[in-house]
Amino acid sequence: MPIAESVDRKPTFAPFSTPLQGVLIVFCEEGLKFGPSTRKALGPAGDLVQRAAASERFTGKSGGALDILAPAGLPLTRLVVLGVGKGGRLKDQDFVKLGGAARGKIPSAAGEATIFAELSSGALKPEQVAEVALGSQLRAYVFDRYKTKRKEGEEPPAKTRIKIAVGSVPAAQKAWLRREAVADGVVLARDLINEPANVLYPEEFARRAASLKKVGVAVEVLDVPALKKLGMNSLLGVGQGSAHDSRVVIMRWNGGKKADAPLAFIGKGVCFDTGGISIKPAGGMEDMKGDMAGAACVVGLMHALAARKAKVNAIGAIGIVENMPDGNAQRPGDIVKTMSGQTIEIINTDAEGRLVLADVLHYVNTRHKPQFMIDLATLTGAIIVALGQEYAGMFSNDDRLCDRLTKAGLATMERVWRMPLGPEYDKMIDSKFADMKNTGGRHGGSITAAQLLARFVDKTPWVHLDIAGTALGSPQTDINKSWSSGWGVRLLNQLVQDHYER
Ligand code: BES
Ligand code: MN
Ligand code: ZN
């Protein structure tokens, strides 16, 4: 699996006395305040910085920067002074952004760059350093494996060597080891989402998930005969119009106590969603290669948990299918019997994600008796209308789990906003011919989708995250320039770390 193929080399850490070369990035607080080691490294060039700041009216405000080429008196090609505002106001979650912003100031052709991890109060703490490194790594991500030509003057990304100057090298390295696992998890998720559907069809997705065995995850791949035997007809119905066979992959990481029930993460993995017989309009349909972002997040998370040896038992379960129109495809009006025994009337074959999740949720719940289930799915366009791209929709039967996710969301800036569920909405999916229908009409489309899922989770604490807005076509941020964000990996890693590790 090409982890880290599309990013910088891994950052290294060095003391502040490290010899300088290439690009140097230093942080500066409002009032042109630097840390002691930064002042020392700038040496006589401190005066140059003062004059440049005065002429640019740079004061160290957050978002501002001074870019000085070939600074006299320093062996550098470029010195970047990055404004961070008032240092005391920086919260833990700001350091990942800071790392991203710093990496953004390094030209892509640079071979060598040093980031000074220091504020006026002194060296950053090891955890803060690790966040800076994470932000830098995520910012550098590009998905360009299918580009064979470059425009004139366009240089190939140099895979810059990033050195971070820190107070304690061993402490920074130790903190980074855990963050590195998360960085790789996010990159893995982004890669899977960006990959086109002619390359990443269900079997290939299952193969890539199976390569988590390398980091110690137990992986079980269920093929079509196995799924038939289990009675996952709802999931199989979605895939029956595709030339590619469906799969379910169960990943298991046992880092906790033997007797502890696992946490369960479930992902929608529609490798391509044409809509099926209820076919989608052509405009923008190419984005539906990313309709497996929920499953990609689960794979990225399982990588992160295993690679950092999280002290927890976790299950990742993904339903992987392709939704195609075909002579063999399912029709509106068809009725399928789910693994749970409940029947669903298909009204619209484009409401396929819930059909996939219904069977996987039931399977995980009955087979693995988890402490909770969290599913992630690019489930509805309606959630984008409601929340835009800044918050994922959160639907749940458990207030405590919601609170924890809300907090983890604020800590990682992968934020969630709770949406309602209730019997009045549930009634909207009652069917004339079966136990339920797969759409509830034009009103509250994200809610009726969640109500269908709720019918397959029983009493287990459960959260459904509708990530259609947050996962794809991502707005450009300090830590992501790619179409896919890898949304959810950092959020769920944070949840696990804060509440479930022994
Ligand atoms: N995968 C789509 C939802 C989606 C839309 C994800 C845009 C990302 C961006 C989902 O399978 C779908 O087609 N939902 C329908 C449901 C409708 C038919 C009830 C929708 O949202 O229109
Ligand atoms: Mn669809
Ligand atoms: Zn879909």
Side-chain angles (χ1 to χ4, degrees), residues 192 202-203 205-206 209-210 212 217-240 242 245-253 262-271 273 291-302 314-323 330 336-344 351-380 395-397 436 438 449-458 460-467 488 492:
L192 288 168
E203 269 187 281
F205 196 154
L212 288 189
V217 175
V219 183
E220 181 191 3
V221 179
L222 304 174
D223 61 8
V224 171
L227 298 173
K228 276 198 177 133
K229 214 161 142 199
L230 286 165
M232 291 207 197
N233 303 311
S234 177
L235 180 146
L236 287 168
V238 175
Q240 78 187 28
S242 170
D245 277 351
S246 302
R247 292 285 184 273
V248 167
V249 179
I250 310 293
M251 296 155 271
R252 187 167 180 127
W253 167 249
L263 317 178
F265 302 96
I266 292 112
K268 167 180 173 181
V270 177
C271 290
D273 181 12
D291 207 19
M292 30 54 72
C297 172
V298 169
V299 174
L301 174 70
M302 294 305 288
I315 302 263
I318 56 179
I320 356 181
V321 302
E322 185 181 51
N323 188 20
Q330 82 179 342
V336 293
K337 187 172 190 130
T338 64
M339 184 185 171
S340 78
Q342 302 176 84
T343 55
I344 308 179
E352 83 298 341
R354 62 201 77 180
L355 300 171
V356 172
L357 290 173
D359 275 338
V360 182
L361 284 167
H362 176 80
Y363 176 83
V364 170
N365 200 20
T366 51
R367 267 307 153 93
H368 296 287
K369 304 257 182 292
Q371 289 183 50
F372 67 62
M373 297 197 283
I374 297 179
D375 77 73
L376 299 102
T378 47
L379 206 61
T380 66
F395 302 82
S396 179
N397 60 6
M436 67 197 92
N438 79 329
Q451 289 294 164
L452 188 140
L453 301 182
R455 293 188 182 199
F456 296 87
V457 300
D458 223 2
T460 306
W462 157 73
V463 164
H464 156 56
L465 297 174
D466 194 334
I467 62 171
L492 297 174

Subject >> Result of checking Asn397, Asp375, Ile374, Leu376 against Val463 for side-chain contact (heavy atoms from CB on, under 4.5 Å) >> reply: Ile374

Original post:
Considering all heavy atoms of both residues, which atom of Ala210 and which atom of Val219 are nearest to each other, and what is their separation?
Top reply: CA-CG1, 3.7 Å

**OP:** Among Val238, Val321, Asn323, find the residue that satisfies the side-chain contact (heavy atoms from CB on, under 4.5 Å) test when tested with Leu355.
**Re:** Val238

Subject >> CZ on Phe265 to CG on Leu465, rounded to 0.5 Å >> reply: 10.0 Å

Subject >> Residues Met339, Phe456; criterion side chain to side chain contact (heavy atoms under 4.5 Å, CB included); working and verdict >> reply: CA-CA 10 Å; Met339 184 185 171; Phe456 296 87; over 6 Å; no

Subject >> Approximate separation, where rounding is to 0.5 Å, of Leu379 CG and Leu357 CG >> reply: 6.5 Å

**OP:** Measure up the Phe395 and His464 rings against each other and bin them: parallel (under 30°), tilted (30 to 60°), perpendicular (over 60°).
**Re:** parallel

Original post:
Can you name the residues that form a side chain to side chain contact (heavy atoms under 4.5 Å, CB included) with Asp223, not counting sequence neighbours?
Top reply: Pro225, Ala226, Arg247

Original post:
Please walk me through it: do Val248 and Leu230 pass side chain to side chain contact (heavy atoms under 4.5 Å, CB included)?
Top reply: CA-CA 11 Å; Val248 167; Leu230 286 165; over 6 Å; no

**OP:** Compare every heavy atom of Val299 with every heavy atom of Ala209, then report the nearest pair and how far apart it is.
**Re:** CB-CG2, 4.2 Å

Original post:
Are the side chains of Gln451 and Met436 in touch, meaning some heavy atoms are under 4.5 Å apart?
Top reply: no

Original post:
What heavy-atom pair brings Pro370 and Thr460 nearest, and what distance separates the two atoms?
Top reply: O-CG2, 3.9 Å

Original post:
side chain to side chain contact (heavy atoms under 4.5 Å, CB included) with Ala296: which residues, sequence neighbours excluded?
Top reply: Ala189, Leu192, Ile193, Met292

**OP:** Measure the spacing between CE of Met251 and CG of Leu212 and express it to the nearest 0.5 Å.
**Re:** 6.5 Å

Original post:
Taking Val336 as the fixed residue, which of Asn438, Leu236, Ile344, Thr343 is the one that meets the side-chain contact (heavy atoms from CB on, under 4.5 Å) rule?
Top reply: Ile344

Original post:
So, for Thr338 and Ser234, which heavy atoms are closest and what is the spacing to 0.1 Å?
Top reply: CG2-CB, 3.7 Å

Subject >> Which residues share a side chain to side chain contact (heavy atoms under 4.5 Å, CB included) with Thr366, sequence neighbours left out >> reply: His362

Original post:
Out of Leu361, Val298, Asn365, which residue meets the side-chain contact (heavy atoms from CB on, under 4.5 Å) rule with Ile266?
Top reply: Leu361

Original post:
Is the closest side-chain heavy-atom distance between Pro202 and Asp245 below 4.5 Å?
Top reply: no

Original post:
Does some side-chain heavy atom of Val360 sit less than 4.5 Å from a side-chain heavy atom of Ile318?
Top reply: no

Original post:
Quick one: CD on Gln342 to NZ on Lys337, what's the gap to the nearest 0.5 Å?
Top reply: 10.5 Å

**OP:** With sequence neighbours excluded, tell me which residues meet salt bridge (Lys or Arg N to Asp or Glu O under 4.0 Å) with Arg455.
**Re:** Asp426, Asp430

Original post:
Of all heavy-atom pairs between Leu235 and Ser246, which one has the smallest distance, and what is that distance?
Top reply: CD2-CB, 4.0 Å

Original post:
How would you list, by chain and number, every residue that makes a ring-ring contact (aromatic ring centres under 6.0 Å, His included) with Tyr363, sequence neighbours excluded?
Top reply: none

**OP:** Please name the pair of heavy atoms, one in Ile320 and one in Ala206, separated by the smallest distance, quoted to 0.1 Å.
**Re:** CD1-N, 3.9 Å

Subject >> Contact list for residues 351-371, test salt bridge (charged side-chain N to carboxylate O under 4.0 Å, His left out), sequence neighbours left out >> reply: Lys268-Glu352

